[in-house]
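Okay, structure first, notes after.
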There are 2 protein chains.
Amino acid sequence: MSFKQELFSQFARVGKALSNGNRLELLEFLAQGERSVEQLSKVAGLTVANTSQHLQQLRHAGMVSCRKEGLKVYYSISGDDVIHLLDALRAVAERHVSDVQHLVNTFLTVKDDLEPIPRSELLERARDGLVTVLDVRPPEEYAAGHVPGAVNIPLQELEQRLGELGKEQEVVAYCRGPHCVLAFDAVARLREKGMKARRLEDGYPEWKIAGLPVEESQTASPE
Amino acid sequence: MSFKQELFSQFARVGKALSNGNRLELLEFLAQGERSVEQLSKVAGLTVANTSQHLQQLRHAGMVSCRKEGLKVYYSISGDDVIHLLDALRAVAERHVSDVQHLVNTFLTVKDDLEPIPRSELLERARDGLVTVLDVRPPEEYAAGHVPGAVNIPLQELEQRLGELGKEQEVVAYCRGPHCVLAFDAVARLREKGMKARRLEDGYPEWKIAGLPVEESQTASPE
DNA sequence: CTAGTAATCAACTAATCACTTGAATACTAT
DNA sequence: ATAGTATTCAAGTGATTAGTTGATTACTAG
């Protein structure tokens with residue numbers, strides 16, 4: 001029954017795509033929207049050639065697709081099922097691998113205080129002016145699409161631009177996904193300054209997939 | 001930001017667990033219920049030592065847990081989220097990796113005729129006596145739990161025991177999971193004999209997770 | 001205590017993988 | 001054409017992985 005083995009090794013090809021930390025990081029960035037090879041290589045801290053190789057593996061596993069436009073090649077996640085797969089992977093890692101829990105716990109000062117706010121709640125509370133929505137991703141990613149009304153302050157600039165956020169107002173921060181550290185970090189820093197801050201559950205890709213409204217800036221890269 | 005890298009490599013550990021065909025096969029068997037190392041090694045066609053090593057990797061990734069009883073060590077899937085992860089993996093592989101589709105297509109004579117029947121439909125149609133439910137897994141797995149009223153005829157015996165299935169009655173076959181070949185094979189053979197046969201969507205683990213009723217025989221291995 | 005069984009461990013080989021480097025391709029602008 | 005840029009290809013190296021084999025541990029039955 002060689003058919004069986006063939007089949008399992010095809011599945012394993014998808015598994016292999018998930019077996020490397022750098023590839024998972026690339027996938028997390030790609031979950032934001034399409035990106036060029038160069039952008040991805042910078043953000044993941046890899047050489048361009050290496051990034052290209054990883055992307056090709058992901059493409060062979062059917063997880064990303066690419067589109068050539070002029071000189072640049074834009075890669076993107078090839079379907080919502082891939083995002084679901086990534087979330088399922090995260091769920092298992094988070095629930096079972098105690099090291100992950102430990103990492104998250106030690107990174108955050110107080111865990112229980114950091115309950116994320118559900119997506120469903122955010123929209124109405126933002127509309128009522130009860131919270132300020134803070135997008136801590138880099139401007140390019142913000143431009144490509146963000147939660148309506150969100151203020152964009154990249155993490156590096158947070159300390160200087162604290163004034164832009166109301167001292168009393170509760171801040172809800174979000175970033176790339178449920179385990180992107182940016183929002184965790186932002187919340188931790190805001191809390192250090194004595195501000196009320198929470199994290200949005202998950203991140204922008206999940207928000208978008210959930211069918212909630214998004215806003216795009218004019219400088220956005222083409223979708 | 002070494003925290004980020006740590007985190008991604010923890011996720012990658014789970015990904016690595018999914019990166020080998022034999023491990024995926026072991027997981028599929030484990031999705032049926034708990035199994036001893038020896039059972040698993042036989043069914044996957046691996047040596048006991050090698051099986052043990054794979055199982056330990058899975059355990060490190062938090063995907064399976066084990067329980068020692070006397071001489072034997074019984075492994076089992078450590079949570080429903082693991083089954084969801086496996087399904088998400090399958091979904092991506094199936095949808096995107098054209099080779100898988102090709103494999104499935106060539107293996108089955110006519111694809112469009114082989115639409116699986118949804119779980120929800122099966123129960124009522126079986127109750128009304130419209131279909132015969134056929135479990136083509138080995139007797140041990142059948143004994144450990146099966147769809148109520150299902151007839152157990154392992155694939156090898158199918159040809160001889162054809163008489164047990166009504167000639168006119170439609171047969172719905174199921175096995176271990178959405179891509180276990182047993183049910184595909186059974187349907188193909190029954191159709192060759194001119195019988196009406198379809199596959200149940202997914203397999204037994206998904207049935208059980210969906211909270212649908214199951215039946216257990218007295219010879220079942222402990223759950 | 002002894003023999004026997006289930007599982008794991010330890011040491012090893014062949015294969016695969018991640019990453020680097022330098023060259024090649026594909027496209028754009030001058 | 002020519003130079004310049006983004007990406008891919010090809011070849012090589014060190015690290016990791018899959019699987020084999022034989023020894024070792026943990027337990028049971030006589």
Side-chain angles (χ1 to χ4, degrees), chain A residues 4-6 8-27 29-30 34-61 63-76 140 221-222, chain B residues 4-6 8-27 29-30 34-61 63-76 140 221-222:
Chain A
K4 188 190 69 176
Q5 290 209 334
E6 284 272 352
F8 278 115
S9 67
Q10 292 302 334
F11 290 147
R13 186 191 288 185
V14 179
K16 281 202 180 80
L18 304 171
S19 72
N20 176 280
N22 286 329
R23 273 196 295 273
L24 290 175
E25 190 171 359
L26 290 173
L27 283 170
F29 288 122
L30 284 171
E34 67 175 16
R35 294 277 182 280
S36 70
V37 178
E38 198 189 11
Q39 282 181 297
L40 288 165
S41 75
K42 274 195 187 121
V43 90
L46 303 172
T47 64
V48 174
N50 193 10
T51 305
S52 171
Q53 285 158 355
H54 280 308
L55 289 168
Q56 274 166 69
Q57 279 189 60
L58 293 173
R59 201 158 66 92
H60 259 90
M63 304 187 71
V64 304
S65 11
C66 64
R67 171 177 78 79
K68 187 154 192 174
E69 189 182 301
L71 273 182
K72 299 195 176 179
V73 176
Y74 291 96
Y75 281 82
S76 57
E140 314 87 71
S221 62
Chain B
K4 189 188 68 175
Q5 289 208 335
E6 285 271 354
F8 279 115
S9 66
Q10 291 302 335
F11 290 147
R13 187 192 287 187
V14 180
K16 281 200 181 80
L18 303 171
S19 73
N20 176 281
N22 287 329
R23 274 196 295 273
L24 290 175
E25 191 172 356
L26 290 174
L27 283 170
F29 288 121
L30 284 170
E34 70 175 13
R35 293 275 183 282
S36 71
V37 178
E38 199 188 11
Q39 283 180 298
L40 288 164
S41 75
K42 274 196 186 119
V43 89
L46 304 171
T47 65
V48 175
N50 192 11
T51 306
S52 172
Q53 284 158 357
H54 280 308
L55 289 168
Q56 274 167 71
Q57 277 189 62
L58 292 174
R59 200 159 66 93
H60 258 92
M63 305 188 71
V64 304
S65 12
C66 63
R67 170 178 79 78
K68 186 155 191 173
E69 188 181 302
L71 274 181
K72 300 195 177 181
V73 176
Y74 291 96
Y75 280 84
S76 57
E140 313 88 70
S221 63

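Residue numbers start from 1 in every chain, and the chains themselves are labelled A, B, ... in the order their sequence lines are given, proteins ahead of strands. Below, all heavy atoms of this structure are taken into account, side chains as well, without hydrogens, waters or symmetry copies.
The shortest side-chain heavy-atom distance between A/Leu46 and A/Leu40 does not fall under the 4.5 Å cut-off. Side-chain contact between B/His54 and B/Asn20 is present, with at least one heavy-atom pair separated by less than 4.5 Å. For the pair A/Leu18/A/Leu27, a side-chain contact is recorded, criterion being any heavy-atom separation below 4.5 Å from C-beta on. Contact of the B/Ser76 side chain with the B/Arg67 side chain is not registered, since no non-hydrogen atoms from C-beta on lie closer than 4.5 Å.
Atom OH of A/Tyr74 and atom P of D/dA6 are 11 Å apart (whole Å). Here C/dA7 presents its P atom at 14 Å from CG of B/Leu46, a figure rounded to the nearest Å. If you take CD of B/Glu38 and C1' of C/dT8, they are 14 Å apart, rounded to a whole angstrom. Atom P of nucleotide C/dA26 and atom CD of A/Glu69 are separated by 19 Å, given to the nearest angstrom. Per the geometry, CZ belonging to B/Arg59 stands 13 Å off C1' belonging to C/dC9, to the nearest Å. Between A/Leu55 atom CG and C/dC17 atom P there is a gap of 17 Å when expressed in whole angstrom units. The interatomic distance linking B/Arg35 (CZ) with C/dA7 (P) rounds to 13 Å, in whole Å. To the nearest angstrom, P of D/dA18 lies 16 Å from CZ of A/Phe8.
Here C/dC19 is the nucleotide among D/dC9, C/dC19, C/dA7 with the atom lying nearest to any side-chain atom of A/Asn22. Listed nucleotides: D/dT7, D/dA26, C/dG22. Nearest to the side chain of B/Lys68: D/dA26. Proximity note for B/Gln53 (side chain, C-beta onward) versus C/dA7, C/dA11, D/dT17: the nearest is C/dA11. Of the candidate nucleotides C/dT8, D/dT8, D/dT28, D/dT28 has the atom nearest to the side chain of B/Leu71. Closest to the side chain of A/Ala49, out of D/dT7, D/dT8, C/dA6, is D/dT8.
OP1 or OP2 of D/dT20 has at least one side-chain nitrogen or oxygen of B/Asn50 nearer than 4.0 Å. Distances shorter than 4.0 Å separate none of the side-chain N or O atoms of A/His54 from OP1 or OP2 on C/dC17. At the phosphate of C/dA18, OP1 or OP2 sits under 4.0 Å from a side-chain N or O atom of A/Gln57. Checking the phosphate oxygens (OP1, OP2) of C/dA18, a side-chain nitrogen or oxygen of A/Asn20 falls inside 4.0 Å. A/Ser52 has no side-chain polar atom (N or O) that falls below the 4.0 Å cut-off from OP1 or OP2 of D/dT7. Phosphate proximity of D/dT8 to A/Tyr75: present, with a side-chain N or O under 4.0 Å from OP1 or OP2.
A salt bridge does not link A/Arg23 with A/Glu25: none of the charged nitrogens is closer than 4.0 Å to a carboxylate oxygen.
In this model, no side-chain donor or acceptor of A/Gln56 finds a partner on the base of D/dT7 within 3.5 Å.
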List the steps, then state whether side chain to side chain contact (heavy atoms under 4.5 Å, CB included) holds for B/Gln10 with B/Arg13. CA-CA 5 Å; B/Gln10 291 302 335; B/Arg13 187 192 287 187; 3.7 Å; yes
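Within the 4.0 angstrom heavy-atom criterion, base atoms lie near B/Val48. Using a 4.0 Å heavy-atom distance criterion, B/Ser19 is classed as making no nucleic acid contact. Residue-level contact check: B/Ser36 touches the backbone only, with heavy atoms under 4.0 Å from sugar-phosphate atoms and none from bases.
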